[in-house]
Every structure is written in C-alpha cells, then in structure tokens.
Amino acid sequence: MNRNELERIARAMVAKGRGILAADESTGTIKKRFDKIGLESTEETRRAYREMLFTAPGCQEYISGVILYDETLRQSTKGGERFADLLTRLGIVPGIKVDAGTKPLPGFPGEVITEGLDGLAGRLAEYHRLGARFAKWRAVIDIADGIPSRTCIESNAELLARYAALCQAAEIVPIVEPEVLMDGAHSIERCEDVTSAVLTEVFDRLYAHRVHLEGMILKPNMVISGQKNANRASPPQVAEATVRTLKRHVPGAVPGIAFLSGGQSEAEATHHLDLMNRIGGLPWALSFSYGRALQQTSLTTWGGKGENVAAGQREFLKRAKLNGLAATGRYEPGLEQQAA
Ligand code: 13P
C-alpha cells in the first residue's frame, strides 16, 4: 500500500471549495430517474446523459471527483475520449461504485445488507487499470419501530471495513458510506442516536481492519428529521446536530467528510452544508458527494434532448458552484434566485 498516494488522492477529493458528483446510479436506478422525464434508458441515453454532465464547461472548478458506475467507466464521449481520461485530463478524480447493492438481511425483517465483496480484489485491480482512483460502498441503515438492530449495524460496518481495506491494498481511496435513511417519520434526536451508534461501529471496524484513516473519505448522512416527520428540525438545528455528531465520532485523521444528499431538495442540501461550514473550527474538510442534489434540475432541463444539452449543463454548473460555495461557508440562499 502506498500511503502517500492514498493521502494525496483523498486530499484532492476534498480540496477547498470542491466536492464530488455521485453519478454512479446503477442501471436500475437511472432507469427510474429517466422514467420520470419520459426517456428510455438505453446504453446510449445513459452515455449521452453522463457526457452532458462531465463536459459541462468549467465544472472542474467545483467538482473534484466523479463516482461512476461500471458501465460508465467503460464508456467514452461522442468524440471517442474515454470518460476516465476526460475527467483525469480536467483534474477530476474518477471513482467507481463497487458494491453490488443491498439485499434483505435474513432474520431481520425490514433491514438490508450490502453485497459485493466476492471477487472485489480482482475487480479493484481492473478498475485501477481503467483509471479509477477511488471507490464507493454504500451501507444502508433504516430507522423504524425496533430497527436498526445491532446485527444490522455490526454486519454492515464489518463489510464497509473489509471493503475499505481491500481498496487501500489496491491503491484506491475508499469512500466509506454508511447511510442512515431519512425516509421515516423519526425525530432528529433519533437520527442522532442511530448515526452515533453507526459511526462508532464503523470506526471500530475500520481500526480493527487497519484501514489508513488519512487515506479514506467518509460519506455520511446528515443528522436530520425523517421526511415523514411533521415537525422537521430547522436548518440551523440540522447543522448543529450533524457537526456535534461528527466531532464526537470521526477521528481528525480522516481528511474529509463528503455528505450524501439522501432525498433532501437541492437547495436544502446546499444550505445545510453551508451552515455547517460557517460553524467552523472543524478538523476535517466538510464537502459534498451529492447525486440527486446536483443532478435533479439538470436532468429535467435536459430531458434527453440534444438541443437542451447547454441548458442542462448550466443547471448542473449552478448547483456545483453553489455547493462549492457552501463547502467554504460562502453560500447565500438568495443565490438560488439567480439564473443558471
Ligand atoms: P444522493 O445524494 O442522491 O443521496 O446520492 C448520493 C449517493 O451516492 C448515494 O449512494
């Protein structure tokens, strides 16, 4: 393991004012997104959509890395440049989703476990040859009556740590993503309790598997009320609870924390990140690794039509820029009104 190289890549992924675009929707997930705009999901429409995002002029100012899906890592621009080469040329680190999604956890109704460790060492070696320098593995923890169970938290944390150790052995920076879902009706306090328990277990297992903390990125949920809760906590409460929880559980050796958006609106995800960076005095960089919160408006504006590529790119650049500002605590909600 080349620790210096891992550290260099991890720091680049959370460089000041920049963050990560999660464009690693699986074939099933991107179909759901395309269904909403009435676009058929084919290898070519998926390629065209990703090309629109990656070739948005100047996106490298705010985007430090892009998480790709296996198919996308093997695809190229219309002009024949491999996406991984294009991104690298722009100074954007290409990454790859390596988990195989979630499956029901037997014996634990309503809970899931992430698959994908089998053969992972071999796949990582290939991904490195194809240009990927970081990877992502998402564990999912749901909150409801009686869940999450200890078994679900422990099993998912163990897998995250084994994945992270395999990545580092292949000179690939692991993004460790334990996502506590915000789908339920739970309070922000419940989310804080569960997120605390999950992070404690994750770092315990990372330590046990000798993962080099300086060469990884954490991708957590924010500490936030469930979407079905009628009394949702305010943005300052979310920022405060999230920073408090992360300070308690994430060692300062970790270079960066890049949040998932998890179903928050675009403006909400940006506002929360900004408020956290305004609190300041943080031992790690606090940035974004958003999927939906960077792509939503861009995707609907594009709508699968060639003549809308420039307009879709403007919307993507607007979100990238606002999140770049939020990553340094310089965003204002009023900026949302400005034209893309
Ligand atoms: P969202 O920001 O849409 O939650 O996606 C981020 C991600 O990569 C989830 O794994």
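The basis for the numbers below is simple: all heavy atoms, side chains too, and nothing from hydrogens, waters or symmetry mates. When a ligand or atom number is given, it counts from 1 through the structure's own listing order.
If you look at Ser261 next to ligand 1, the close heavy atoms, those under 4.0 Å, come from the backbone and the side chain alike.
The number of heavy atoms from other shown groups lying within 6.0 Å of NZ (Lys321) does not exceed 12. Applying the 6.0 Å contact sphere to CZ of Arg47 captures more than 12 heavy atoms from other residues, nucleotides or ligands.
Here the SG atom belonging to Cys152 is positioned 11.0 Å from the CD atom belonging to Glu201, to the nearest 0.5 angstrom.
Annotation: atom 5 (O) of ligand 1 to nearest protein heavy atom, Gly291 N, 3.6 Å.
Each of the following atoms of ligand 1 lies closer than 4.0 Å to a heavy atom of Ser289: 6 (C).
Ring geometry for Phe83 against Phe54 counts as perpendicular: the plane angle is over 60°, on a 0 to 90° scale with 30° as the lower cut. Using cut-offs of 30° and 60° on the angle between ring planes, the pair Phe34 and Trp302 is tilted.
Taking 4.0 Å as the cut-off, Ala269 does not count as a neighbour of ligand 1 on heavy-atom distance. Contact analysis puts Gly262 in contact with ligand 1, with a non-hydrogen atom separation below 4.0 angstrom. Residue contact annotation: Lys136 has a non-hydrogen atom under 4.0 Å from ligand 1.
Looking at Lys219, Arg138, Glu177 and measuring to atom 8 (O) of ligand 1, the nearest heavy atom belongs to Lys219.
The distance criterion of under 3.5 Å between nitrogen or oxygen atoms is not met by Tyr290 with respect to ligand 1.
Between Thr270 and Ala326, the shortest heavy-atom distance links the atoms O-CB, 3.4 Å.
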